[in-house]
Structure formats: structure tokens, C-alpha cells
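The basis for the numbers below is simple: all heavy atoms, side chains too, and nothing from hydrogens, waters or symmetry mates. Throughout, numbering of the chain's residues begins at 1 and tracks the sequence. Every number for a ligand or one of its atoms is a count from 1 in the order of the listing.
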Amino acid sequence: MRTFPILVSFDGKPPLVTGGGELAAVKTRLLLKRAPSVDLAADEVTAELAALIEAGTVSMIASKPGIDQLRGRPLVIAATEDDEEDARVSAIARALGVPVNVPDRPELCTFALPAIVDRGEVIVAIGTSGASPVLAQRLRAWLEQELHPRLDALAKLAAEFRGAVADSLPSGPPRRKFWEAVFEGAAAEAMLEGDEDKARDLIGAAIAEAAAAPRPKGRVLLVGAGPGDPELLTMKAVRALKAADVIFYDRLVGEAVLDHARREAELIPVGKAKGAHSVAQEEINALLVARALAGQTVVRLKGGDPFIFGRGGEELDALRAAGVAIEIVPGVTAGIAAAASLQIPLTHRDVSHTVTFVSGHEAGGEEPTFEHLDLAALASGNNTLLVYMGVTTAGIIAKRLLEAGFRPGLPVIAVENASRENERRVRATIAELAEGPERLGLKSPAVLIFGEVAGLPASGVVETILSLEEVKRIYA
Ligand code: SAH
């Protein structure tokens, strides 16, 4: 049974246990740890249960409860140890939508009972989806040792000051940071040591101080997410993701990277798929500025490196103009990741002395003219060209290079989805690429590596130009 933990309120109707034997007694005792009272449907009861009834915490109702006795219960545990009767109770409960548990009969359960670490207001529930109760017990024993016995007092203290903090501090990051400081600081220590007066004084003083302090300013981190593999995130990038109140991310940023985001962070896609709907750059700039001015820690997460064809420069200008604090976290750019994956060095003694990063599109999205590049100078060899955003224009690019004097046999390797599970590589010559760009079967995102280094031995599978059937299959 795959389960999802929730914490059930016992403020309304009491939970119901059916059965009066030892098993029912165990389950009743468990529920009474958290429930003010429990109803018990049984004819005969053990001495322990009789004592609880006497004390008033357990109330007897008639055995064999029906719809009216089950309706509206927060939960029911069928523990008569009579298979037929337990199945009957389970069936009614399920029909009514009342959560039901029958010990050791998972097929009759809609919920599982977790192992519990009980610290009053603070409660930890451990489940293993039925895989191993012993593992759950071991975890519980470990947590029992790790969690301070007076954690409950700390939670009560927080509850006591919750209103005062809400009145003095705006919600969101300022309030969260205040509480983080409290739990890490002297007030929490005093409370755990039992000095409640000191703890109260310290929190009171901290509230007054925080309320008087100037509002913290937000900031924007332009963070490189790397090419897709989360292992290629920098430690700084991970730290930024963990500190973010809001993350604006590009389409190229994969789920595995977003998994590192702080759970409470707001995740907002502003994806830039070529030709697809996306948020205009000016709008992104405005969003970043607005969130930072509202005091938030804003992460602008971009594929690869934020300053390589990522329009990071434009965002930087807008943020500077608005006086927002900025931090840049570099990332592994796609071309570098592609070379690493191929185990092909981009510069290599005698083979290549320079690397040029080139966009396969003009700024407005038009086909490349390469006016800004002295292609003839690059044609003399000893240079590696890394082309980004060149999937749809690959044929045109190859033609321009040939016109500029690149030798027709010069190798080019295209790497699709570098560093991801679906990475694909194809090698061709410029001439082949110019003649039939579709014969590489390329899909975005891909980088093209032009140069003698592309002819060096590569690690892993490198395809050569494809047959027309293969091309059809890829684009189907
Ligand atoms: N800032 C990014 C580049 C953004 S431009 C970086 O530094 O990598 C988008 C282009 O990057 C895509 O068209 C493609 O050419 C390249 N790209 C991004 N991720 C890629 C990946 N995992 N594999 C191959 N190319 C990728």
C-alpha cells in the first residue's frame, strides 16, 4: 500500500475501535495517546479496557456497529479478530469514506498506522508502506534519541508568540527568518533547558528588535543550472536554490535540478522554447525587480551558464537600473559539458588553440549572417567553433563556413541533450552537413562542435550521418 502521511484531528467525533480483546486494547491505548476519548464497540472487554471505561476516557457502544455508528468518524480500527466482522466494518467504513484500518489485513485498510515519536505538540510519524515494521521501529528509536525531550515546550512557546510575531513582522521571508533565528538561538536553548522565563524574555526582545529593524532588501541571483545533469550544479547553485523564496526558471532547466529547490519556494516557469509561447524578456526583468524590491530572495535559473547566450546581460542591466543587489553563480555551459561527455578537449596542442562560442541565430531570431565574425580567419584551422541554437540553421551555418574557406572534410560533432539520459551524438563533415543537415537527425537542444578536435577519438557511441529511413524515424 503506497501511502501519504497526514495528521488527523480528533477534535470532532471520537475515533472508533471495534472489539474488546487484547488487540483492541492495544489499539485503544495507542489512540488515547493523542485522542481525548475513544469509542469502543464490543460485548465483552478486557480488564484494562474496563478500567478505561470506568475512568471515562473510553465509551462503550453496542457491538456490530452499523452505518449510523460509523458515519462521521475521523477513523475506525476494526480489531474484533473475527475476520468476517472486521471485513464487514471495513466495507461499511469504505462505503462511507471513513478511514479504516484492520490490523494485519492490508487489503481491508485505507490507511496504515505509523510508528510514532510523540513530543506533545510535535509528532513524527514513520511509515514504510508495509515494507518493514522493524525498520520503522529502528528509525523511531533513533529519532527518540535525537529529538530533545522538551521539544514540546519549544513548540508551545512558538504557539504562544505566534500572534505577536505576526503583528510585528510581515509574512514570508522576514517571519521565516525570525523563527529560524529563534530556533537556532539562545531562546530555544533556554526553553529546552527549562528556563522558560528567560526564553520568553529573549523572544520578546527579539520581536521588538526585529520590528524596529529596517526591512531586509531582496536580491536576485542569476544562477547557472548547467546542462541538465544535477551533478553538474555548483555547490553555490544548490545553496541558492535552497535559499530561494521564488525561482524563475527556463524551459531548458530539468526537473532533476528543480528537485534541489527549497520545498516552500515558488517555482515559476518563464520558459523560452523557440517558437513556443514564453514570457517576454521585459516582463521577466520586471518580475525579477518587483520580487526583489518586495524583499524576496529571487533565483533566476538558466540552463548552462547565465552569461552564455542566456540574455543574462539584459537582466543584469534591468536589475542594476533598479538598484537591486545581484549575485551571479556561473554554470557549466552546454558546449563544455558536451566536450566533457565526449572526452574531446576543446583546445588541444597542435590541433586547436582557441574556442569561439557562436549563436546559430541572430538576436531577432533570424538566420545567422556571421557578419560580426571574421570567418576567413577562423577557417585557417586551429580553432574550435561551439555553435549554440543552431539546430534549425545547421545547414546554413555549414554553407557559410564552406564559403568562408573551411575545408569540406572538417569534422563536426553535434551533441543533443548533453549530460542527460537521452544524450545523442552524431559526427559528420561540414560538407555532409551543408548538403543534408537533416541527415544528422538533430533535435533541440543541441550544440555543434566544428573543428579538428571533433575528429579526435571520442568516448561512447557516436553516430555517423543517418540513412533516410533513420531520419524519417527520428522526425516521425
Ligand atoms: N546558457 C546556456 C545556453 C542557452 S542558449 C548554456 O550556457 O548552455 C540555448 C542553447 O543551448 C540550445 O539551443 C543548445 O544549443 C544549447 N544547450 C543547452 N542545453 C543543452 C544540452 N543539455 N545539450 C546540448 N545543447 C544544449
Side-chain angles (χ1 to χ4, degrees), residues 221-234 236-237 248-258 269-276 278-279 281 284 299-316 328-344 346 355-368 384-398 412-427 433 437 440-450 454 458 460-463 474:
L221 297 100
L222 293 185
V223 177
D229 178 356
E231 295 282 307
L232 292 177
L233 281 168
T234 63
K236 260 200 177 167
F248 293 97
Y249 64 96
D250 278 349
R251 184 188 59 98
L252 276 177
V253 174
E255 202 133 301
V257 167
L258 292 173
V270 287
K272 295 217 194 92
K274 194 168 160 285
S278 58
V279 184
Q281 187 62 51
I284 297 176
V299 165
R300 174 70 179 105
L301 191 61
K302 291 162 165 295
D305 180 86
F307 282 171
I308 299 283
F309 304 127
R311 304 191 72 172
E314 289 162 60
E315 290 168 8
L316 188 67
I328 311 294
V329 179
V332 176
T333 188
I336 304 282
S341 163
L342 293 161
Q343 296 186 7
I344 283 183
L346 294 174
V355 181
T356 312
F357 291 77
V358 183
S359 165
H361 279 86
E362 295 298 316
E366 301 96 37
E367 285 172 2
T384 304
L385 267 188
L386 275 186
V387 179
Y388 289 64
M389 295 178 280
V391 168
T392 54
T393 53
I396 298 163
I397 294 167
V412 47
I413 291 193
V415 182
E416 226 175 70
N417 287 304
S419 90
R420 302 187 187 158
E421 273 170 23
N422 54 346
E423 178 176 309
R424 192 181 148 250
R425 310 91 152 263
V426 202
R427 179 156 29 204
L433 183 59
L440 273 71
L442 287 186
K443 285 185 179 169
S444 208
V447 282
L448 298 155
I449 306 174
F450 290 90
V461 178
V462 182
E463 297 169 33
I474 282 188

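- Residue-level proximity to ligand 1 for Val391 is absent, since no heavy atom of it falls below 4.0 angstrom.
- Looking at Pro445 against ligand 1, both its backbone and its side chain come within 4.0 Å, counting heavy atoms.
- Polar contact with ligand 1: absent for Glu416 (N/O pair, distance under 3.5 Å).
- Inter-residue side-chain proximity for Leu346 and Ile449 is flagged as met; some heavy-atom pair is nearer than 4.5 Å.
- Heavy-atom neighbours of Glu367 CD from other residues, nucleotides or ligands within 6.0 Å: at or below the threshold of 12.
- The shortest contact between atom 23 (N) of ligand 1 and any protein heavy atom is with Ala418 N, 2.8 Å.
- The shortest heavy-atom distance from Gly303 to ligand 1 is under 4.0 Å.
- Among Arg251, Arg311, Glu423, Met389, the residue whose heavy atom sits closest to atom 10 (C) of ligand 1 is Met389.
- Below 3.5 Å of separation, one finds an N or O of Pro227 facing an N or O of ligand 1.
- The side-chain contact (heavy atoms from CB on, under 4.5 Å) test with Val270 is passed by exactly one of Gln281, Lys302, Arg251, Arg300: Arg300.
- Of the N or O atoms in Tyr388, none lie within a sub-3.5 Å distance of an N or O in ligand 1.
- In terms of protein heavy-atom proximity, atom 5 (S) of ligand 1 is nearest to Phe309 O, 3.5 Å.
- Residue-ligand proximity, Arg420 to ligand 1, at heavy-atom distances under 4.0 Å covers atoms 22 (N).
- When only interatomic distances are considered, the shortest N/O to N/O separation between Gly390 and ligand 1 does not fall below 3.5 Å.
- Between Ala446 and ligand 1, at least one pair of N/O atoms sits closer than 3.5 Å.
- The local environment of CD in Glu366 is crowded, with over 12 non-hydrogen atoms from other residues, nucleotides or ligands closer than 6.0 Å.
- By the 3.5 Å distance cut-off applied to N or O atoms, Gly310 is not counted among the residues near ligand 1.
- When each atom of ligand 1 is checked for a heavy atom of Asn417 under 4.0 Å away, the hits are 22 (N), 23 (N), 24 (C).
- Atoms of ligand 1 lying under 4.0 Å from at least one heavy atom of Val415, given by number and element, are 24 (C).
- Looking at Ser419, its side chain does come within 3.5 Å of a backbone N or O of Asp229 through a donor-acceptor pair.
- Minimum heavy-atom separation, Val358 to Phe309: C-CZ, 3.4 Å.
- Between the side chain of Arg425 and the backbone N or O of Val415, no donor-acceptor pair lies under 3.5 Å.
- Between Ile344 and Ile413, the shortest heavy-atom distance links the atoms CD1-CD1, 3.7 Å.
- Around atom 3 (C) of ligand 1, the closest heavy atom drawn from Leu252, Ile308, Leu232 belongs to Ile308.
- Nearest heavy atom pair, residue Ala414 against residue Leu440, reads CB-CD2, 4.2 Å.
- Of all protein heavy atoms, the one lying nearest to atom 7 (O) of ligand 1 is Thr333 OG1, 2.6 Å.
- Residue Ala334 places at least one N or O, backbone or side chain, under 3.5 Å from an N or O of ligand 1.
- Of all heavy-atom pairs spanning Met389 and Ser359, the tightest one is CE-OG, 3.6 Å.
- Of all non-hydrogen atoms in Gly228 and Arg420, the two that sit nearest each other are CA-NE, 3.6 Å.
- Here the closest non-hydrogen pair linking Pro227 and Ala337 is CG-CB, 3.4 Å.
- Contact annotation for Lys302 and ligand 1: no heavy atom of the residue comes within less than 4.0 Å of the ligand.
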